Structure formats: structure tokens, C-alpha cells
Amino acid sequence: MTKVVVLSMIKLGDDMLVNFIDMLNKAKQNKYAVPHFNINDLEWTKYILEECEELKVPVILGVSEGACKYMGGFNTIYGMVTGLMKDLNITIPVCLHVDHGQSFELCKSAIDAGFTSVMIDASKHKLEENIRITKEVVDYAHKHNVSVEAEVGHIGGTEDNISAEAMNATLEDCLTMYNETGIDSLAPALGSVHGVYKGEPNLDFERMSQINEALPIPLVLHGASGIPGDKIEKAIASGTSKINVNTDFQIVWAEAVRKKLDEDKEVYDPRKVIGAGEQAIKEKIKEKVALFKTRLD
Ligand code: 13P
């Protein structure tokens, strides 16, 4: 009896979540981008699912290692996302994706918990070791119908309070990574950084186009918060099909919550405090989806 219940729960989750392959291939073909929005808690997850359902667009929910620890772990997050999708009657394609997983073990535990996609980020290692770890993840992930993103070069900036030095990807390294691993998407470091930009973002669009022409898989742009609209459009025209956003949401959410606490000295209900940021996040989602020209093909 117990066995039957467990199997049906796994089936339910598998049917609801998808990997990113179909959604990103359509985006690459039709020159738009699918948003990867990072989730940090239950509320943000709910706002993103509700708004993307309203807009009828596919979405990738990104979970960093830090956010995973904060929310309890991969099993908790998988249960939360699939539970919300069921309770909110979500019908759009939703991909549950590990953002910057640093090891095979971490990616494996996300896949075992029901995640449908992983980013293995072994970019702190030399290319040869990056490829070895990425290939191990691809072999395991593909057996479970899970998509894999990898990073070549090194994306700079600050994420989860960890800072990194930037190093741009070369076309040759991107080709080697693709040919030797069979990854499903690639994040080449080309000048974007995580967190708040110091000065004007400086992206190498020429190399982005060269990599896009040389590789049959979709490209990913990390650190999209703070990149002006015309550069986002240029990145999409240069072959970017998945765009990652986190900091822009954190900024507008924090502003709205700070305003609520400043204006209402009596408030103590956490639902009212946290919920004060809902509209700000939903407005930002509308703005990003319009800019990325995301659609449901
Ligand atoms: P931002 O926080 O700069 O938007 O970057 C998000 C990201 O790239 C997640 O991988």
C-alpha cells in the first residue's frame, strides 16, 4: 500500500515539471529568451508561478546552493514547488533547476530529489577538470531525463555572498566543452557579473555570436540584473536563450518591504511584512518577460 502511494507521488511530480530542453530549443529557434528567476523562499516561488501563469510563459526556477540551504534542502524545495503548482493549478511549463551546483554530489542529490535540471559550475577548475566533472554530471542527469548547463570561463561578481574574479570564455574552450560532454546549454562568461554592476556592463557580443554559430545548443546569460534593455536585446539577437535574474528582484522586494516597515510602525504579521514586496516582484517579472519577448510556442 505504502509503495503505491510513493510511486504515484513521484509520477505526479514528474508530470508537472519539465527539463529545459524543449523550451530553450524553441527560444533559440525563434529568437527570444526564457527567464530563469532565482527563488529564495515560498513567497517568491508563489509570486513567480502566479505571474508566469498569468502571462502564459514558460519559466525556469533557479535554486542556488545558498538558497537551497536556506529553504531546508532539495526535497523541501521539490515538495514546495510541486505542491504550489498543484494548488495554484499551474499549467505553464516549469523547470526546477540547480543554479551553480559546484560538485557532482550536489547535482546528484538534486536530481534524486526530483529536480529536472542542473547547472554544474566547475569553472573554478582548469578546463580539463571542469570537463571531467561536467561529463560525470551529464552521464547521470541524462539517464534521468534531466538537462545540464555548464560554465566556461568564469563569471565574476558576488552571489550568495561569494565573490569571484571574472575570466572570459574562448570559442575553442566552449567547443571542447560541448564536444566532450554533450551538455544541453552553455553559460560562456563574456563580461556579465552577478550582483550590482560597478559601472556600465561590458559584454563581448561578437564572441557570443561566434559561440552561438559554432554550437548547436542554447546559450545562457548570467548576471542579467542591471544590464540595460538594449544590451539584453543584443544578447538575445546574439544567441542567448536563457537569462538569469536574481538581484533585480531582491532590490525591488527590499525597497517595498522597507517602505512598509517605515510607514506602518504597528505591523508585526510576517505575512504583511514579506507580502509587501509581492507587487514589486510581479511588476519586475512583467518587465523582464516583455523585454525577453518570452512566449509559449
Ligand atoms: P543577478 O543576481 O546578477 O541577476 O544574477 C543572477 C544569476 O546569474 C544567477 O545565476
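In listed order, ligands and their atoms are each counted from 1. Keep in mind it's a predicted model, so treat the numbers as computed, not measured. Computed over heavy atoms, backbone and side chain alike; hydrogens, waters and symmetry mates excluded.
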Requested in this report: May I ask you to check whether Y32 and F292 place their ring centres under 6.0 Å from each other?
Outcome: no
Report summary line: Heavy-atom proximity to atom 3 (O) of ligand 1 ranks first, among A224, A187, G195, for G195
Requested in this report: Report the member of S192, G226, S225 with the shortest heavy-atom distance to atom 4 (O) of ligand 1.
Outcome: S225
Using a strict 4.0 Å cut-off to heavy atoms of [X], name the atoms of ligand 1 that fall inside it.
| X | answer |
| --- | --- |
| H100 | 10 (O) |
| N38 | 9 (C) |
| N246 | 1 (P), 2 (O), 4 (O), 6 (C) |
| V245 | 4 (O) |
| N244 | 4 (O), 6 (C), 7 (C), 8 (O), 9 (C), 10 (O) |

Query raised in the report: Is a salt bridge present between D262 and R258, judged by a nitrogen-to-oxygen distance below 4.0 Å?
Result: no
Query raised in the report: What residue and atom, counting heavy atoms only, is the protein's closest point to atom 8 (O) of ligand 1, and at what distance?
Result: G223 N, 2.8 Å
Report summary line: protein heavy-atom neighbour closest to atom 10 (O) of ligand 1 works out as D99 OD2, 2.7 Å
Anything under 30° is parallel, anything over 60° is perpendicular, the rest tilted; go ahead and classify [X] against [Y].
| X | Y | result |
| --- | --- | --- |
| F249 | F37 | perpendicular |
| F20 | H97 | tilted |
| H222 | H36 | tilted |

Query raised in the report: When you look for heavy atoms under 4.0 Å from ligand 1, do you find them on the side chain of T247, its backbone, both, or neither?
Result: both
Query raised in the report: Does an N or O from H194, backbone or side chain, lie closer than 3.5 Å to an N or O of ligand 1?
Result: yes
Query - Contact check: D248 vs ligand 1, nitrogen or oxygen atoms, below 3.5 angstrom - result: no
**Report entry** The single option from D248, V245, L203 passing side chain to side chain contact (heavy atoms under 4.5 Å, CB included) against I227
**Finding:** L203
Query raised in the report: Please walk me through it: do H194 and I155 pass side-chain contact (heavy atoms from CB on, under 4.5 Å)?
Result: CA-CA 7 Å; H194 292 121; I155 296 161; 3.6 Å; yes
Query raised in the report: Taking the non-hydrogen atoms of G62, is any one of them nearer than 4.0 angstrom to ligand 1?
Result: no
Query raised in the report: Is there a donor-acceptor pair under 3.5 Å between the side chain of K231 and the backbone N or O of P201?
Result: yes
Query raised in the report: Hey, mind stepping through H125 and H154 against ring pair (Phe, Tyr, Trp, His ring centres under 6.0 Å) and telling me if it holds?
Result: CA-CA 10 Å; H125 300 286; H154 202 55; over 10 Å; no
